[in-house]
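Data first, discussion second: the structure below is written as structure tokens.
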Number of protein chains: 2
Amino acid sequence: MNVTGHTRRSVSIRDVATAAGVSYQTVSRVINNHPSVKPSTRDRVLAAIDELGFRRNSTALALASGRSRAVTVLTSNTTHYGYASILQGIEETARAAAYSVGVGVLESTDEADEAAIAAQVQRAADSGGGLIVIAYDPAGVRALGAVPAELPVVGVVETPASPPGDDRPWVWADDREAAYEATRHLLSLGHETVHYVAIPSSTRRTSARTTGWQQALREAGAPEPLPLQGSWGPAGGHTAGLQLAQDTDVTAILCGNDDLALGVIRALHEAGRPVPGEVSVAGFDDAPHSAYLTPSLTTVRLDFTGLGRSAFALLHGALEESAQIAPHPVSVPELVVRESSGPPPARG
Amino acid sequence: MNVTGHTRRSVSIRDVATAAGVSYQTVSRVINNHPSVKPSTRDRVLAAIDELGFRRNSTALALASGRSRAVTVLTSNTTHYGYASILQGIEETARAAAYSVGVGVLESTDEADEAAIAAQVQRAADSGGGLIVIAYDPAGVRALGAVPAELPVVGVVETPASPPGDDRPWVWADDREAAYEATRHLLSLGHETVHYVAIPSSTRRTSARTTGWQQALREAGAPEPLPLQGSWGPAGGHTAGLQLAQDTDVTAILCGNDDLALGVIRALHEAGRPVPGEVSVAGFDDAPHSAYLTPSLTTVRLDFTGLGRSAFALLHGALEESAQIAPHPVSVPELVVRESSGPPPARG
DNA sequence: GCCAGGATTGTGACCGGTCACATGGGGCTC
DNA sequence: GAGCCCCATGTGACCGGTCACAATCCTGGC
């Protein structure tokens, strides 16, 4: 019942101690639920705490104990639906565990930001606590690589095919499987093959999504066209779409994310190729607006929030032996069939 | 040149001090650029710092000095484009000022989360440093209200019409003006009036966007229909759109954000009312994908990133007298006319 | 050659907690 | 009733910095 408020200098455990007529250590025991405190004493201390409006100073706690109960999330562009959802999932779980969440944005201005990335990692390391790196894109992957070995870190990665020597814990959604399903869906509609507009790959090698797409094509004995390199936003999809629209053989396109798909559909529209009449398009991620597009978008839903939750749980386990290490379940991607995919046009 | 790496216990200024043969205070002076240190000594200390790979412990700094160089951003749903952009703007500026950014998500589950909101504010307060509350929605507004008076805080608000007695600093984009412009645009195309699908209002009274819309109608002597209450997502727009589609008198609709507009357009499409042929629709915010919709969306662009930057600048000024208080410029909203708005159909 | 006084540098206490260890009382056993 | 052990509590040092003040060095002026 701290009615007075306005305590300029914060009240410390020593203030509480004198108020309760005990030593500061006893107060420390009370706030840490140490068993060996006489109930009557405990009550007295708790009363004093309530009276003075004491709140434990987390900075001092961090300094003295070493553990800071903080996570820093390193990510590029938080405005992308997937990234934002992961962040949301992390925050939610972290909050439940009384952890604070920090954010560091990786400017993915392509080149020369190697130093900037290193600086961000350093900053995150300095602020103590654990680290979660969203490594879906080159900037994230480089950041993950730049994390000093002794720092507790969890990567949210595109594929578990970790680089050699990388034994860091990670979580991932099964992008390969998702792409595989989406591609099979399009093939099952009767398309001869499926083209692919890729998001910037997180690795030098081919991405998980690309792999899943290729696998589906191969199993079906379909021709394997070269993937088109897109960007993250709809603009990249638009460019790629204009290009694909030229080729009348193209009847099905899988896109690395929903934004790309949007751009592709727009380009096809501009080129006079109706979707799904002439060309079918499928996206990736199931962003909230995808269901309301015209045509509504066939896509693969991934549980980003759950991914964030798993990432934190894993980190939490690494940080505190007390926390049980929840196995990081690879959530199964779910194909959502909507209007943008349909059978190919009858052969002319 | 710390080649050894793997310094388990971090090196402190005292370690550096002994290495350089000076006292810890001298080291402190060097890292704080205190003028009165002999150049030769400074060099020796810097060499030792480099040698040992010393990095100043931000936790200890915060504890000892009182200032924590940290900001916590309180916001609901970070997956919304506007919110994520504001966050991005804050992070960017904060990083430049060597501040760390924390995030607290306000679950906007309507009711009874009063306690949850208070808890979030408490958490943010505990983590030290300043606070930025994105108060575009009820949850945010309540959070802003729950911030203890003595805490440095900046609100990102919808309208500067502050509640009585609220003298906290804030930043805002001129939503009223933006809505006014958008409405005038639609009217100028020849529509008799403009209907409005609102986002959940941040205040009990009418929102800034609603006010701007009404003002434009009034000035034009147009009938003033009741605003429809939507939600944040496209689903709400869809519901509202279905309702509006019934009324054939409706030829122009302004929506509280682009997602709502998307849902409205979808609903109109389902109801067989072409956009912009029969009904014109305008959105709000200019989300990245709005330009690529079919039809592309007429909307009002707001500089959310700039808003975030201003918010941080303002807070920074409040936190450090050294930082000059950059005036928080109200960025001018920009009308972006695209395909979704056009003249009303010729009278039958 | 001596002293004032600014330039440098060092010392002790403190921020608000935790940890390791010491100490004072009961209650039990024998 | 002595010896033990455990329960409850207190004391001192420390985490890694900063702040306020004291102490020393060096230099110029007389």
Side-chain angles (χ1 to χ4, degrees), chain A residues 7-46 48-49 52-70 98 100 125-129 320 322, chain B residues 7-46 48-49 52-70 98 100 125-129 320 322:
Chain A
T7 29
R8 203 82 214 95
R9 157 132 354 286
S10 68
V11 309
S12 73
I13 56 169
R14 325 221 177 206
D15 299 330
V16 175
T18 40
V22 295
S23 78
Y24 54 82
Q25 178 62 342
T26 300
V27 177
S28 174
R29 289 200 181 89
V30 169
I31 60 184
N32 287 303
N33 291 318
H34 191 96
S36 68
V37 176
K38 188 157 48 167
S40 65
T41 314
R42 174 184 308 274
D43 290 346
R44 207 142 33 89
V45 171
L46 287 175
I49 286 177
L52 275 58
F54 167 81
R55 310 212 79 219
R56 184 221 242 103
N57 180 322
S58 62
T59 304
L61 173 63
L63 179 59
S65 68
R67 23 198 163 79
S68 65
R69 300 187 83 75
S100 66
D126 285 351
S127 69
E320 305 183 21
S322 67
Chain B
T7 29
R8 202 81 215 97
R9 160 137 345 290
S10 67
V11 310
S12 73
I13 56 170
R14 325 219 176 207
D15 299 330
V16 174
T18 39
V22 296
S23 79
Y24 54 82
Q25 178 63 344
T26 300
V27 177
S28 175
R29 290 201 181 89
V30 169
I31 60 183
N32 286 304
N33 290 317
H34 191 94
S36 69
V37 175
K38 188 156 49 167
S40 65
T41 315
R42 177 185 305 276
D43 290 347
R44 205 141 36 91
V45 170
L46 287 175
I49 286 178
L52 274 59
F54 167 82
R55 310 212 79 218
R56 180 222 242 104
N57 180 323
S58 62
T59 305
L61 173 62
L63 179 58
S65 68
R67 24 200 161 79
S68 65
R69 300 186 82 73
S100 66
D126 285 351
S127 68
E320 305 183 20
S322 67

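Because the structure is predicted, anything quoted here is derived from the model rather than measured. In what follows, every chain begins at residue 1, and chains take the letters A, B, ... in the order their sequences are listed.
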Just N and O in the side chain of Thr59(A): are any of them under 4.0 Å from OP1 or OP2 of dG17(C)?
no

Ser12(A) side-chain N/O to dC15(C) phosphate OP1/OP2 under 4.0 Å:
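Checking dC15(C) against Ser12(A), no side-chain N or O comes under 4.0 Å of OP1 or OP2.
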
Select base, sugar-phosphate, or nothing to describe what Arg42(B) touches, counting heavy atoms under 4.0 Å on all strands.
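Counting heavy atoms under 4.0 Å across all strands, no contact is made by Arg42(B).
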
Send over the distance from Asn57(A) CG to dC15(D) C1', rounded to a whole Å.
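In whole Å, dC15(D) C1' and Asn57(A) CG are 13 Å from each other.
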
What distance do [X] atom [atom1] and [Y] atom [atom2] have between them, rounded to the nearest 0.5 Å?
X         : Y        : atom1 : atom2 : result
Leu46(A)  : Ile31(A) : CG    : CD1   : 10.5 Å
Asp15(B)  : Ile49(B) : CG    : CD1   : 11.5 Å
Ser127(A) : Asn57(B) : OG    : CG    : 10.5 Å
Arg44(A)  : Lys38(A) : CZ    : NZ    : 8.0 Å
Leu63(B)  : Ser58(A) : CG    : OG    : 10.0 Å

What pairs with [X] under side chain to side chain contact (heavy atoms under 4.5 Å, CB included), at least two apart in sequence or on another chain?
X        : result
Tyr24(A) : Ile13(A), Arg14(A), Ala17(A)
Arg55(A) : Gln122(B), Asp126(B)
Asn33(B) : Arg42(B)

Reading nucleotides 18-24 of chain C from the 5' end, what letters show protein touch, with B for base, S for backbone sugar-phosphate only, - for no heavy atom under 4.0 Å?
BBB----

Backbone N or O of Ser40(A) within a donor-acceptor pair of the Asp43(A) side chain at under 3.5 Å?
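It does not hold such a pair.
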
Under a 3.5 Å distance rule, please check whether Ser68(A) uses its side chain to pair with a backbone N or O of Gly129(A) as donor and acceptor.
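Such a contact is found between Ser68(A) side chain and Gly129(A) backbone.
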
Taking only heavy atoms on the protein side, list every residue of residues 33-41 of chain A lying under 4.0 Å from any atom of DNA chain D, sorted numerically.
Ser36(A), Val37(A), Lys38(A), Thr41(A)

Please report the end-to-end axis angle for the helix from dG1(C)-dC30(D) to dC30(C)-dG1(D), five pairs per end, rounded to 10 degrees.
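About 50° separates the two local helix axes.
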
